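What follows is one structure encoded as structure tokens, with my remarks underneath.
From a predicted model like this one, the values you see are computed outputs, not experimental measurements. Reminder, nothing fancy here: chain letters follow the sequence lines and each chain counts from 1.
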Amino acid sequence: MELSNTFVCVMGMGIVFIGLICLVLLCVLMSKIVALTTPAKPFEESAKVSAAPIGAVPAAAVIPNRAELVAAISAAIAEDLGDSIDSFRINAIKRV
Amino acid sequence: MELSNTFVCVMGMGIVFIGLICLVLLCVLMSKIVALTTPAKPFEESAKVSAAPIGAVPAAAVIPNRAELVAAISAAIAEDLGDSIDSFRINAIKRV
Amino acid sequence: MELSNTFVCVMGMGIVFIGLICLVLLCVLMSKIVALTTPAKPFEESAKVSAAPIGAVPAAAVIPNRAELVAAISAAIAEDLGDSIDSFRINAIKRV
Amino acid sequence: MEAIVNFCKQTGFYLISVDPKMLIMIAIAFVLSYLAIVKKFEPLLLLPIAFGMLLTNLPGAGMYHEELFADGYVHWNMFGGQGDITPGLVDYLYLGVKLGIYPCLIFMGVGAMTDFGPLLANPKSLLLGAAAQLGIFITFVGARYMGFTSAQASSIGIIGGADGPTAIYVTSLLAPELLGPIAVAAYSYMALVPVIQPPIMKLLTTKAERRIVMRELRPVSKREKILFPFIVTAFVAFLVPSATPLVGSIMLGNLFRETGVCDRLSKTAQNELMNIVTIFLGVSVGATATAATFLSWDTIKILCMGVVAFGLGTAGGVLLAKFMNLFLKEKINPLIGSAGVSAVPMAARVSQVVGQKENPGNFLLMHAMGPNVAGVIGSAIAAGVLIALFG
Amino acid sequence: MEAIVNFCKQTGFYLISVDPKMLIMIAIAFVLSYLAIVKKFEPLLLLPIAFGMLLTNLPGAGMYHEELFADGYVHWNMFGGQGDITPGLVDYLYLGVKLGIYPCLIFMGVGAMTDFGPLLANPKSLLLGAAAQLGIFITFVGARYMGFTSAQASSIGIIGGADGPTAIYVTSLLAPELLGPIAVAAYSYMALVPVIQPPIMKLLTTKAERRIVMRELRPVSKREKILFPFIVTAFVAFLVPSATPLVGSIMLGNLFRETGVCDRLSKTAQNELMNIVTIFLGVSVGATATAATFLSWDTIKILCMGVVAFGLGTAGGVLLAKFMNLFLKEKINPLIGSAGVSAVPMAARVSQVVGQKENPGNFLLMHAMGPNVAGVIGSAIAAGVLIALFG
Amino acid sequence: MEAIVNFCKQTGFYLISVDPKMLIMIAIAFVLSYLAIVKKFEPLLLLPIAFGMLLTNLPGAGMYHEELFADGYVHWNMFGGQGDITPGLVDYLYLGVKLGIYPCLIFMGVGAMTDFGPLLANPKSLLLGAAAQLGIFITFVGARYMGFTSAQASSIGIIGGADGPTAIYVTSLLAPELLGPIAVAAYSYMALVPVIQPPIMKLLTTKAERRIVMRELRPVSKREKILFPFIVTAFVAFLVPSATPLVGSIMLGNLFRETGVCDRLSKTAQNELMNIVTIFLGVSVGATATAATFLSWDTIKILCMGVVAFGLGTAGGVLLAKFMNLFLKEKINPLIGSAGVSAVPMAARVSQVVGQKENPGNFLLMHAMGPNVAGVIGSAIAAGVLIALFG
Ligand code: NA
Ligand code: NA
Ligand code: NA
């Protein structure tokens, strides 16, 4: 029996969406449980983990000089962008 | 034919002991032969080889300050012990 | 049918020579084409490529002090020769 | 004299005069090499693929024998050298593709290199990774209309998943005869993501949407990152068992990375093991592209449908992001939707670059990494569904 | 509609409802992962084992098929994909275990990491390494009384050898059906050595004995270190030919290390090659632990007997050291006897730590390394004897 | 009691008393180890070869079974363990030799380590690399006269190619029964190049010729270096299809190196992959040297003819250089001709050292590297011709 196109598409996108929606729920649930069960000092632990450039922002946000912050982030992202670095320019340092 | 328990145990431990006793003899023999055939300056060669912490002792033994020696060995062993470093403490530097 | 010795030798050395002669021609041809199609600044590119010790000579050739040059090349080759370094000695710094 | 004639008949010059189609294939191999070396199109895979294509089309070299893998299974009895065929180096290397080993090992390395943090910080990203699979299924329908079998159409559709190993895994199971063109299409288009995606992204979004600035991502704890691979493996394997090899491999690699207790395994999985497998995979996949299979209209069709699949996937991600904005209080920038096709991390960079053109202070990269890695999971699920239906 | 039902019947949710035993196995896999990640129980092997156990028990995933290896040999004809079974990734990786390749390659890496210097400086250590094999044979007898066959009892006894690769090698040859529980027991107890050994060591020794300070070891020349691997390989292979693969591998690795002329081989053997094999070995050994084989009283029995084997081995080593002291002028500290079980280098560290509690200035580590590495050779000989008798 | 007798009959001590020839082989293995460790004769391969020879000749160890590879092909049906033979570790490793996989992978690593720049700067070097293959064919004739078959004579001749992987590849295809002695001869003589070549070089040249100073090599552009592997692969494969696996592998590795876009593949090909394969190749090639095959007049003959082949190759290169000087305006130093035998980079160093003795300011190393790498290509072509004629 040849499966109809409609069946394959609905089935396929359906399963993909069901699967990923369930994963969203599971992830949210997990985060809640982890947050509840982690005793105290969650900040210290997470700070160690978030070595990603953007993750550094919360700590840096209190720095008055926003310009430096933007420059630092830009540099970090630029480094991340690697070879496409030419296509990336900071036009001006302005407050957002 | 099922082998008896006694046979397996005696045979097993017997072969293990025979084997390792022979290896003891072979090692002793080898050491003797090597010592005989190694011409002159055996000290220099062995000193180079014995990078192990304990191996450093012969040279260090002439140092008057035994305390430093113990501290050095302790540090070397502590390093070697790796993660179980907490369970290891030098209570006092005393002559042995 | 057993192949005769003469046949195998002539055939073998023949094919080897034909093959490598053709490769000589192809290499020469390729070099010519590359030289023609490479626009302008061929020197800069090649300079970057020729990290080999001898390749450094063209640039260094203008240096008046030939002695230093020979010493430098000798050092480079000596390094390249690795373990056979003992068999290599600069008797004198003389102009060639 | 007879011996000389015999020898000459063994040379490639004679054989090529009999069947000159191979010259075209050799030319194609050179073009692909050019793209890999000069244009830097995914060179780590495209260069070995091109070289494999060269080797397989050198007449008389006998580097690869399709007969050993005829009818979709491995003829072990022909591997010993007793029969007419003397298997060549590439035949042995190809076993790793045919048996589904290489794609899984590469995925393990990918897992060891992937940080699912941005995804965990914003789980909604997963939906964008789902929407971007649209291209797979629409292309599947298109391919069927163009006369491909369901199994072949599945393999063609999966190009739109923008994941090399997934595409190769599905194709080696469902339609090994199309492995050459599909691998070439998948890796070429992944390299072309910065060309294919921006026009579609601009077409489907307004200037205001592209300027949306997103809130910084919350930091994610190590614990969440360690639990995540277990949850995904278990859940996906339950839902679509046939996706387990792919999802399990990527999550095992990620576990090596995140637990911190297996650093030496993580390092080896993402370096030496991955490099070795990449060489073997590339060369042997390229070697399946013989003149007989590659020089046909099907190849042209596959190349066309591949780019359509990429485009539709991009559109799917962007449109779902716009749709979600109808309901969300905190709007998301629809440009990150396009990253859902995977092509990690290139598609996320495209989102960043396009977004920054409108608003230079807007840093979308981390936000786009969420859908980007979600797309890998989404494609694996889609692959599992297709294998379950047509495998 | 029928197709949907078919698809649902393929999902793990349906399959698990038919046979829910797999859920227990998944839970066990999580427990083992917890031990590996949080408690750091030999994580390099226990994490892959746990993940392999997870994969194999995901219903429908088809990652591992026991039928391919039924009756103790490899059914090559079923590997091509023609039959009912489509072999999965883990099946291919498992071949390396089944054919005895992985344990030998790991042993080569172990050899490249081992310094036999302390053993050569004090060859009497070898006797302690022999005595600590006592646990193997007493456990063998116990296992027989509990109803295991001789081959199975051998595999269970060898847990007491405290060498992962040796245990896996023997078990894959003699009782592959017990590979899962035996591997779990072996690696768990090796990680638990600091818990299992100290009470036994204290029970069997007096405070005075534990305070014995040993003379510094003599330096060992490079020449002796190079000759040693040749002597051990040749002699052990003559005495117990079936131990040759294990002993030969470890000694080849050691030769790479000590000669100094093969540094690049030594480096690769102890790093990349070992890491790759560790991943493959761990995952595929874990995958043998299916619900059908693992969830049985036998597993409980094996876990119990494993710890007994470790304990008896420890006791054997300590008691022989005490016995030797009756004759020796220069007393040896009996605490180093316990290191004879192998579990390199953990057991030697335990000797050091226990000894230092009584006498903080006492450094037993190097002295304990002698029996420690001797235990590896001793276990390999014991393994050879068992294979010769029941293989 | 009977059981004890049975066990004793399994020990090597009993078996060796039945067939003491193995003791001679073990002694030979020790001699080779001595040459590898103390004399540093190509230790990376000779030490594994020697150890493999030791393992295979330990009576009863059963590490290698010739029956599995009898009559020149692989008996897969005996590999499952159902028959009388239980394949050992070395049998599995040997598959990589038998199927021609290891030599190609090693050649890939060699390619990734080779700089063809000096060859491209002076393409005439290729002719010297051709002339140095003279030894192969003259030795072939000699071997035939001494009673070897054509296939065996080809394998013996190829020792003169001074390329380990080429010699092993040809021998495993044409005369696997001679693999042991040929591998030992090839690698030993490669290590002995500084002893074998200088007298021949001095005999065939005048002092004036040895003092010839050559002009500096022109710099070679990256473009030429990238095009070269493609040209060589395509052309050689057309001319001698059976040389494609060897030439293709070396050129693929070189491409990884020169393109600069595949650095991680290049690094892995010349390090970890090559080291792993070297260990496996060495051990399993050594293991083919059983007493039955190695202890015969044939081995002596092969060792003699091997050195003749090296000498004739050296002479061929030097003489062609002298002949070319009759026509060339810019004379070449005939000492670089000897480097055409390959044995990279040792033969080139010999040219440098001999040249410098006559004229300390003469730096021939780079000039000799051209014929040196050309010799690799030349030997591969010669190997292809022999395989085509007698394969
Ligand atoms: Na995807
Ligand atoms: Na042990
Ligand atoms: Na050569």
Heavy atoms of E:G96 and E:P103 approach each other most closely as O-CD, 4.3 Å

Option that, when pairs with chain E are counted at under 4.5 Å, heavy atom only, ranks first among D:N271, D:V385, D:L389
D:V385

Exam field: side chain D:Q152 to backbone D:T149, donor-acceptor pair closer than 3.5 Å:
yes

Side-chain H-bond candidate by donor/acceptor type, D:T114 with D:N254, under 3.5 Å:
no

Check each atom of E:L54 against the heavy atoms of chain D and say whether the ones under 4.5 Å are side chain, backbone, both or neither.
side chain

Between D:I226, D:V240, D:L95, D:I101, which residue shows the highest count of heavy-atom pairs closer than 4.5 Å to chain E?
D:I101

Which one of D:E272, D:R264, D:M251, D:K98 has the most heavy-atom pairs closer than 4.5 Å to chain E?
D:R264

If you count heavy-atom pairs within less than 4.5 Å of chain D, which of E:I276, E:D91, E:V283 leads?
E:I276

Go through D:T259, D:L265, D:T244, D:L273 and name the one with the most non-hydrogen pairs under 4.5 angstrom from chain E.
D:L265

Is chain D contacted by the side chain of E:A29, its backbone, both, or neither, given a heavy-atom distance below 4.5 Å?
neither

Salt bridge check, E:R257 against E:D263: does any charged N sit closer than 4.0 Å to a carboxylate O?
no

Mind checking whether D:F280 and D:Y102 have parallel, tilted or perpendicular rings, split at 30° and 60°?
tilted

Using the rule side chain to side chain contact (heavy atoms under 4.5 Å, CB included), only one of D:I231, D:L246, D:V247 pairs with D:V236; which is it?
D:V247

Between E:I16, E:I26, E:L93, which residue shows the highest count of heavy-atom pairs closer than 4.5 Å to chain D?
E:I16

Considering all heavy atoms, the nearest D:A153-D:F148 contact:
N-CB, 4.2 Å

Non-hydrogen atoms of chain D under 4.5 Å away: do they reach the side chain of E:L47, the backbone, both or neither?
side chain

Interchain contact, E:F51 with chain D, by part (heavy-atom threshold 4.5 Å)
side chain

